[in-house]
Peer 1: 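Starting off with a structure, shown below.
Here is the naming used below: chain letters follow the sequence lines, and residue numbers restart at 1 for every chain.
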Amino acid sequence: MTHVLDVIGGMFPDAHCELHHSNPFELTIAVLLSAQCTDETVNKVTLHLFQKYRTPADYLAVPLDELENDIKRIGLYRNKALFIQKLCRMLIDDYGGDVPREHAELTKLPGVGRKTANVVVSNAFGVPAIAVDTHVERVSKRLGFAKPDDSVLEVEHKLMKLVPRELWTETHHRLIFFGRYHCKAQNPQCPVCPLLDICKEGKKRMKPAPNRKAKS
DNA sequence: AACTCGGGGCA
DNA sequence: TGCCCAGAGTT
């Protein structure tokens with residue numbers, strides 16, 4: 001596992017959170033918005049959004065329609081606008097206007113599940129965590145760190161056992177970059193992958209079965 | 001466990 | 001054009 005992380009680190013020396021933000025609150029909003037869409041799209045929206053809305057009260061000061069319109073370029077925008085206003089209401093009512101630092105409290109917020117909470121605690125509060133999104137899940141299963149039918153939670157636990165705690169967050173970032181830019185869902189770059197010799201899935205893909213459709 | 005939300009990216 | 005996606009909530 002350590003060897004794999006080193007190799008990926010060589011491929012992506014500057015792997016980091018790609019969401020634009022300047023504090024825990026903005027990060028929470030950005031991660032919530034990023035569900036099922038790319039960080040690049042989120043950044044285009046938050047560039048303007050974070051100029052207009054700076055505090056939880058700012059998000060509550062406008063009608064829901066207006067907030068929806070402000071994030072309209074992002075998929076699932078109606079759900080997310082509603083989540084944001086409910087979340088801001090909870091921050092003000094229950095947390096003194098600040099984003100809670102505890103994982104268990106974060107997951108109580110609407111629109112914040114396990115993955116989002118892990119990204120917030122690790123990336124905003126420096127708490128080691130491995131956020132398992134579909135990239136991390138896919139890569140972990142292809143490389144054999146988890147089994148094909150493992151749940152997201154099981155993948156997270158197995159990764160945590162394979163890596164020392166102080167490297168959890170870095171592991172998360174590296175696996176994300178590897179999955180997003182190299183070990184992609186549709187067209188994994190197996191022919192030029194430095195991990196091919198230790199990757200079962202990669203070897204399987206390099207010599208496809210005759211009855212399988214092979215893209216070329 | 002399956003369904004829903006939804007515009008963007010990519011073939 | 002059609003398919004899939006840096007998830008989470010509801011049933």
Side-chain angles (χ1 to χ4, degrees), chain A residues 8 11-12 14-21 26-49 64-65 67-91 99-100 103-124 129-142 146 148-156 159 168-190 205 212-216:
Chain A
I8 298 176
M11 300 168 70
F12 305 102
D14 57 346
H16 61 284
C17 177
E18 293 188 294
L19 292 170
H20 177 265
H21 66 279
E26 287 187 356
L27 177 64
T28 304
I29 300 295
V31 181
L32 188 157
L33 289 174
S34 78
Q36 297 296 96
C37 80
T38 64
D39 285 3
E40 196 177 335
T41 304
V42 173
N43 285 337
K44 285 178 191 166
V45 170
T46 54
L47 182 66
H48 163 257
L49 195 71
L64 183 56
D65 313 33
L67 181 55
E68 286 181 356
N69 194 56
D70 287 336
I71 64 172
K72 194 119 174 54
R73 297 190 56 191
I74 293 183
L76 316 181
Y77 63 92
R78 274 189 284 260
N79 287 338
K80 291 172 181 177
L82 191 55
F83 284 152
I84 288 173
Q85 285 200 332
K86 286 185 176 177
L87 179 151
C88 289
R89 172 49 59 198
M90 283 184 64
L91 290 186
V99 176
H103 188 283
E105 298 302 316
L106 283 165
T107 53
K108 291 180 185 174
L109 301 172
V112 179
R114 183 171 189 85
K115 181 254 177 181
T116 301
N118 278 357
V119 173
V120 171
V121 296
S122 64
N123 218 28
I130 301 179
V132 179
D133 53 31
T134 57
H135 287 314
V136 174
E137 179 180 0
R138 178 183 67 253
V139 166
S140 299
K141 289 179 177 180
R142 281 182 179 169
D149 54 351
D150 279 345
S151 69
V152 170
L153 195 59
E154 287 168 330
V155 173
E156 182 180 332
L159 289 175
W168 284 354
T169 300
E170 191 174 1
T171 297
H172 156 80
H173 287 142
R174 289 189 177 179
L175 293 182
I176 292 246
F177 267 67
F178 183 64
R180 171 146 155 76
Y181 297 111
H182 190 90
C183 193
K184 297 183 273 190
Q186 289 85 356
N187 293 98
Q189 311 287 91
C190 299
R205 284 172 180 270
R212 278 232 167 155
K213 64 162 186 176
K215 296 196 79 175
S216 66

Peer 1: Can you tell which of C/dC4, B/dG6, C/dG7 lies closest to the side chain of A/Thr116?
Peer 2: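 Looking only at heavy atoms from C-beta outward on A/Thr116, the closest nucleotide is C/dG7.
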Peer 1: Report the distance from atom CG of A/Leu153 to atom C1' of C/dG7, rounded to the nearest whole Å.
Peer 2: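 Distance check: A/Leu153 CG to C/dG7 C1' gives 15 Å.
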Peer 1: Starting at NZ of A/Lys80 and ending at P of B/dG8, how long is that distance when rounded to a whole Å?
Peer 2: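 Whole-Å distance recorded here is 12 Å.
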Peer 1: Take atom P in B/dG6 and the same atom in C/dT1, then report the distance between them in whole Å.
Peer 2: 24 Å
Peer 1: Between atom CG in A/Asp133 and atom P in C/dC5, what is the gap in whole Å?
Peer 2: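 Checked: the CG to P distance equals 12 Å.
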Peer 1: With nearest nucleotides of DNA chain C determined for A/Pro110 and A/Ile176 from heavy-atom distances, which residue corresponds to the more 5′ nucleotide?
Peer 2: A/Ile176
Peer 1: Among C/dC5, B/dG6, B/dA11, which nucleotide sits nearest the side chain of A/Asn187?
Peer 2: B/dA11
Peer 1: Among C/dG7, C/dG9, B/dG8, which nucleotide has an atom closest to any side-chain atom of A/Arg73?
Peer 2: B/dG8
Peer 1: Establish, with yes or no, whether the OP1 or OP2 oxygen of B/dG6 is under 4.0 angstrom from a side-chain nitrogen or oxygen of A/Arg78.
Peer 2: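 So the side chain of A/Arg78 is within the cut-off, an N or O lying under 4.0 Å from OP1 or OP2 of B/dG6.
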Peer 1: Of all the heavy-atom pairs spanning A/Val120 and A/Leu27, show the shortest one and how long it is.
Peer 2: CA-CD2, 4.0 Å
Peer 1: I need the CD-C1' distance between A/Gln36 and C/dC4, as an integer number of Å.
Peer 2: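 Going from CD in A/Gln36 over to C1' in C/dC4 covers 9 Å.
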Peer 1: Please determine, for the side chain of A/Thr41, which listed nucleotide (B/dG9, B/dG7, B/dA11) has the closest atom?
Peer 2: B/dG9
Peer 1: Please state the C1' separation for the pair B/dG7 and C/dT10 - nearest whole angstrom.
Peer 2: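 B/dG7 and C/dT10 have their C1' atoms separated by 22 Å.
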Peer 1: Would you call A/Glu68 and A/Lys72 a salt bridge, taking side-chain N to carboxylate O under 4.0 Å as the test?
Peer 2: no
Peer 1: How far does the P atom of C/dG7 sit from the matching atom of B/dC10, given to the nearest Å?
Peer 2: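 Looking at atom P only, C/dG7 and B/dC10 are 16 Å apart.
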Peer 1: Which listed nucleotide (B/dG7, C/dA8, B/dG9) is nearest to the side chain of A/Lys44?
Peer 2: B/dG9
Peer 1: I want to verify a distance call: between B/dG9, C/dA8, B/dG6, whose nearest atom is closest to the A/Lys115 side chain?
Peer 2: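 Of the options given, the side chain of A/Lys115 lies nearest C/dA8.
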Peer 1: Taking CD from A/Glu40 and P from C/dC5, how many angstroms apart are they, rounded to a whole number?
Peer 2: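 Those two atoms, CD and P, are 18 Å apart.
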